[in-house]
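Data block below; observations after.
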Amino acid sequence: QKAEILVIGGGYGGATAAKYLRLFSNNTAKVTLIEPNTSFISCPMSNLVIGGSRTLAEITSPYDTLSKRHGIKIIQDSVSSIDPDKKIVKLASGKTLRYDKAVVSPGVSLNFKSIEGLAQANKDGVTLQAWKAGPETVALHKQIAAMREGGTFAISIPEAPYRCPPGPYERACQVANYLKQNNPRGKVLILDANQDVTSKGALFKKVWAEQYAGIIEYRPKSNVIGVDAKTRTLKLEVEDDVKADVLNVLPQMAAGEIAIKTGLANSNGRWANVNFLNFESTARKDIHVLGDAIQIAPAMPKSGHMANQHAKVAAAAIVAELSGWEVNPAPVLTNTCYSFVNSKEVVHVASVHQYNAAEKTFKTVPGSGGLSPAPSTLEGVYAWGWAHNIWADSLG
Ligand code: FAD
């Protein structure tokens, strides 16, 4: 009897894990992927849709290659509960499935309670996040396009860690780029709960000064604690209230709901601790957690590239375990994160992370990686190469 492997969530971590479980087992592993969405919409590149230079269709990929080419069974549903003792998963449709190994990559959940009034403001259609690419991505672009002349777009950033450290700053650039061409008196206000820009700081600040002077205003240590939907006002912890026309309020984040509900989020009730040799949860045996949902190692970003890398280490370790092979004792992960500063120019940050057996964590390899010297259109070409490549690697 073949081991049943259930992969929960078909994002950057889950889709890659499903495919590589098949590849590493020479197409013999029995793999089922459970994902509610009919197609994969990428968060990377979605800021370009918000800025109006790209469409949602350009960042959407189908799931069916995973079944047609790789023999993965795909169930379009969502997991409503996992019973780790009985090793049973319950689907929203009511069906139950048994597993020998479960791979959980549900991404992040947004903690609406961390900002007073936010849940209501979202309900009223005043605020939205667009921190999971899809209909909200398009809706946010529409709000920006419909903003009054000379209006203000405000984005608030929660304290790190959150999904995609440079993502909010890239978004600010995309909105500013749109306003520069379509609403020249319009403004972008970045309210950052952190001490300073958390990724590519010097590069972003130079771009803001050179390309978006008078458009982007950056305020560090500005923690948004409340929203008044009626007056479109953001309440800050220390400073005066701020009024804006379009409110992109990002609350604190935690592991995807199913990870929390299953008791996997054993790091402050927020993120899942894993054994970095195989990404098995330290809370529950035979459940492997990937991507944004995990408690990251130092200097490891919550990124799609990282989730793809976690997935390969986990898939190799699961196949090794089920086959009685030795598990790789020293995995290495890479990360490259591109940010568009306008519709064509890009900056990147890269790093290499190696497992350290003594400390049981990943450590950045000294001298590895690097940072762009300045934005360039050539890096814009590389960034699209990265995107098409990772979509093909995860889903193709
Ligand atoms: P996801 O990719 O979000 O996948 C989670 C999946 O699980 C979803 O498809 C969801 O439907 C499914 N799911 C959730 N709960 C359940 C359930 N109960 N049952 C079944 N399925 C479920 N990263 C980069 O590397 N480069 C970038 O340039 C970059 N840019 C970004 C820009 C923005 C604006 C944002 C928001 C993010 C960006 N990221 C980038 C980060 C990247 O999107 C995430 O780090 C990545 O998606 C994490 O992968 P994941 O598998 O953990 O989660």
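In this text the structure is predicted, and so the values were computed from the model without any measurement. All ligand and atom numbering here is 1-based and tracks the order in the structure.
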| remark: Closest to atom 16 (C) of ligand 1 among protein heavy atoms sits Pro106 CB, 4.5 Å
| task | Please indicate whether any nitrogen or oxygen in Arg163 is less than 3.5 Å from any nitrogen or oxygen in ligand 1. | result | yes
| Does His141 reach the main-chain N or O of Ile50 with its side chain, forming a donor-acceptor pair under 3.5 Å? | yes
| said: Would you say NZ of Lys205 has more than 12 non-hydrogen atoms from neighbouring residues, nucleotides or ligands within 6.0 angstrom? | reply: yes
| field | Backbone or side-chain N or O of His305 under 3.5 Å from ligand 1 N or O | value | yes
| task | Answer yes or no: does an N/O atom from Ser105 fall short of 3.5 Å to an N/O atom of ligand 1? | result | yes
| said: Within the 4.0 Å heavy-atom shell around Asn47, which atoms of ligand 1 are there? | reply: 34 (C)
| note | Of Ala17, Gly9, Gly13, the one whose closest heavy atom lies nearest atom 13 (N) of ligand 1 is Gly9
| Going by heavy atoms, is Gly167 under 4.0 Å from ligand 1? | no
| note | re atom 23 (N) of ligand 1, the protein heavy-atom contact at minimum distance is Gly304 N, 2.9 Å
| request: Tell me yes or no: between the side chains of Thr231 and Asp228, is some donor less than 3.5 Å from an acceptor? | output: yes
| query | Charged N to carboxylate O below 4.0 Å: is that the case for Glu359 and Lys363? | reply | yes
| field | Proximity flag Phe40 to ligand 1, non-hydrogen atoms under 4.0 Å | value | no
| request: For Pro36 and ligand 1, answer yes if some heavy atom of the residue is under 4.0 Å from a ligand atom, otherwise no. | output: yes
| field | Nitrogen or oxygen atoms of Trp386 and ligand 1 under 3.5 Å apart | value | no
